[in-house]
Amino acid sequence: MDKILYYLQFDFVIYALIVGVLIALCASLLGVTLVLKRYSFIGDGLSHVAFGAMCIATIMKLSNNTILVMPVTVLVAVLLLKNSTQSRFKGDAAIAMLSVTSLAIGYLLMNVFSTSANVSGDVCSTLFGSTSILTLDKTEVIICIVMAVVVIALYVFLYNKIFAVTFDETFCRATGVPAGVYNFAIAVIIAVIIVMGMNLVGSLLISALIVFPALAAMRLSGTFRGVVIISVIFSVICAFAGMIISILYSTPVGATIVAVDLVFFIVSWAVGRFIIKIS
C-alpha cells in the first residue's frame with residue numbers, strides 16, 4: 001500500500017489511471033451490444049485496421065497520428081457493419097481478410113520506409129501496448145476525457161434505440177425506426193473507442209476490453225441493463241487493477257489488464273453456475 005501511495009504522488013500515474021479507466025468504461029458499454037449482435041469480431045478487425053493506419057501515419061511523420069487513424073477506422077467500421085448484414089460476402093470472411101492484410105501491409109511499410117533503429121520494438125509496442133500510457137501529458141488527458149464524455153453521452157442518449165437495434169433490427173426497420181442510422185452511430189463509437197484504447201492495451205488486445213467484461217456480466221445478469229451496468233463495473237475494476245499491478249511489478253500494461261479481465265471472467269463463470277442470474 002505504501003508503494004501504491006508513493007506512485008500516486010506522480011501526475012503521470014494519475015493521468016494514466018484516469019485515461020485507462022475511461023477507455024475501459026467506454027469499451028464495456030458497446031461491448032455488450034457487439035457481443036449480443038454477434039459482431040464482437042468487428043472490434044478485432046478494426047484494431048488491425050487502426051494498426052495499419054497508424055503505421056502509415058508514422059511513415060508520413062504526422063505530428064498527430066489520430067488525424068489519419070480516426071477517419072480511416074470510422075470509415076472501415078461503417079463498411080463492416082453494413083457488409084455484415086447486407087452483403088453476400090459475409091462479415092467473418094471480410095474480417096479475416098482485412099485483419100491479415102492490415103497487419104501485413106502495416107508491418108511491411110514500417111520495415112521498408114521507417115527510419116527507426118528498432119522497428120520490431122516499435123511494432124511490438126503498437127500491437128501489445130507500451131508505456132506510452134504512462135507518458136501522457138495534460139492536453140492528451142483532456143482530449144481523452146472529452147472524447148469519453150461524448151461517447152458516454154451518445155450512448156445514454158441513444159440507449160433505447162441501441163437496445164432495440166441490438167435485439168431485433170428487422171422489427172425496428174419494419175416499424176420505421178432508421179436502424180441504419182443507429183448502426184452508423186454504433187460503428188462510429190466503436191471506432192473511437194478502438195483508437196482511444198490502442199495506447200492502453202495495443203491493437204491486438206483492444207478487443208479484450210470490449211468482449212471480456214460483457215461475457216462476464218452475462219453470467220451474472222439476465223437483463224440488458226443489468227449486463228451493461230455489471231460490464232462497466234467489471235471493466236473499470238479490471239483496468240484499474242491491471243494498471244496498478246503493471247506499475248508495481250513492471251509488467252506490460254495491456255497484457256496485465258487482459259490477464260485481470262480473464263480472471264474476472266473465470267470467476268464470474270464459476271459464480272454464474274451456482275447462483276440465479278440477477279433479474
Side-chain angles (χ1 to χ4, degrees), residues 3-4 7-8 10 12-28 30-31 34-35 40-52 54-55 58 65 69 73 99-100 102-104 106-107 110 116 118-136 140 144 190 193-217 231-269:
K3 193 173 183 180
I4 293 176
Y7 280 116
L8 290 178
F10 299 100
F12 71 89
V13 175
I14 300 298
Y15 291 161
L17 291 174
I18 291 173
V19 171
V21 166
L22 288 176
I23 291 173
L25 191 157
C26 293
S28 63
L30 267 296
L34 291 184
V35 171
S40 54
F41 57 84
I42 288 180
D44 192 52
L46 289 178
S47 65
H48 296 167
V49 171
F51 167 77
M54 183 171 287
C55 290
T58 301
N65 290 341
V69 178
T73 309
S99 299
V100 174
S102 298
L103 285 174
Y107 186 63
M110 285 289 285
S116 173
N118 186 20
V119 175
S120 297
D122 293 341
V123 171
C124 186
S125 295
T126 305
L127 290 176
F128 295 100
S130 64
T131 57
S132 60
I133 188 68
L134 298 175
T135 60
L136 298 172
E140 291 173 317
C144 183
I190 294 167
I193 292 170
I194 294 293
V195 176
M196 288 171 59
M198 285 185 66
N199 279 337
L200 179 63
V201 297
S203 60
L204 284 185
L205 302 179
I206 183 62
S207 58
L209 290 183
I210 296 174
V211 175
F212 270 125
L215 291 177
S231 176
V232 168
I233 294 172
F234 277 7
S235 186
V236 168
I237 292 175
C238 289
F240 184 84
M243 295 186 70
I244 291 295
I245 294 172
S246 175
I247 292 170
L248 291 177
Y249 299 100
S250 300
T251 56
V253 178
T256 306
I257 293 175
V258 173
V260 176
D261 273 315
L262 176 61
V263 171
F264 264 70
F265 170 73
I266 293 173
V267 171
S268 65
W269 175 81

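This is a predicted model, so every value here is computed, not measured.
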Minimum heavy-atom distance between S102 and H48, given as atom pair plus value
CB-O, 3.3 Å
Nearest heavy-atom pair of I257 and C238: which atoms, and what distance?
CG2-O, 4.3 Å
Using 30° and 60° as the class limits, which term best fits the ring planes of F212 and F265: parallel, tilted or perpendicular?
tilted
As an exercise, state the distance from CG of L25 to CG of L22, rounded to the nearest 0.5 Å.
7.0 Å
Residue pairs meeting side chain to side chain donor-acceptor pair (under 3.5 Å), one or both in residues 256-269, sequence neighbours left out, come to T251-T256
Heavy-atom closest pair, residues A216 and F234
CB-CD2, 3.6 Å
Taking T73 for the side chain and V69 for the main chain, is one N or O donor matched with an acceptor at less than 3.5 Å?
yes
For I210, side chain to side chain contact (heavy atoms under 4.5 Å, CB included) partners two or more places apart:
A27, L34, I194
State, with a plain yes or no, whether a side-chain heavy atom of I266 is found less than 4.5 Å away from one of L262.
yes
Tightest non-hydrogen contact, residues P213 and S235, listed as CG-CB, 3.7 Å
Which heavy-atom pair separates L17 from L8 by the least distance, and what is that distance?
CD1-CD2, 3.6 Å
State the CZ-CD1 distance between F240 and I18, to the nearest 0.5 angstrom.
10.5 Å
Taking all heavy atoms of A24 and all of A239, pick out the closest pair and write down the distance.
CB-CB, 3.5 Å
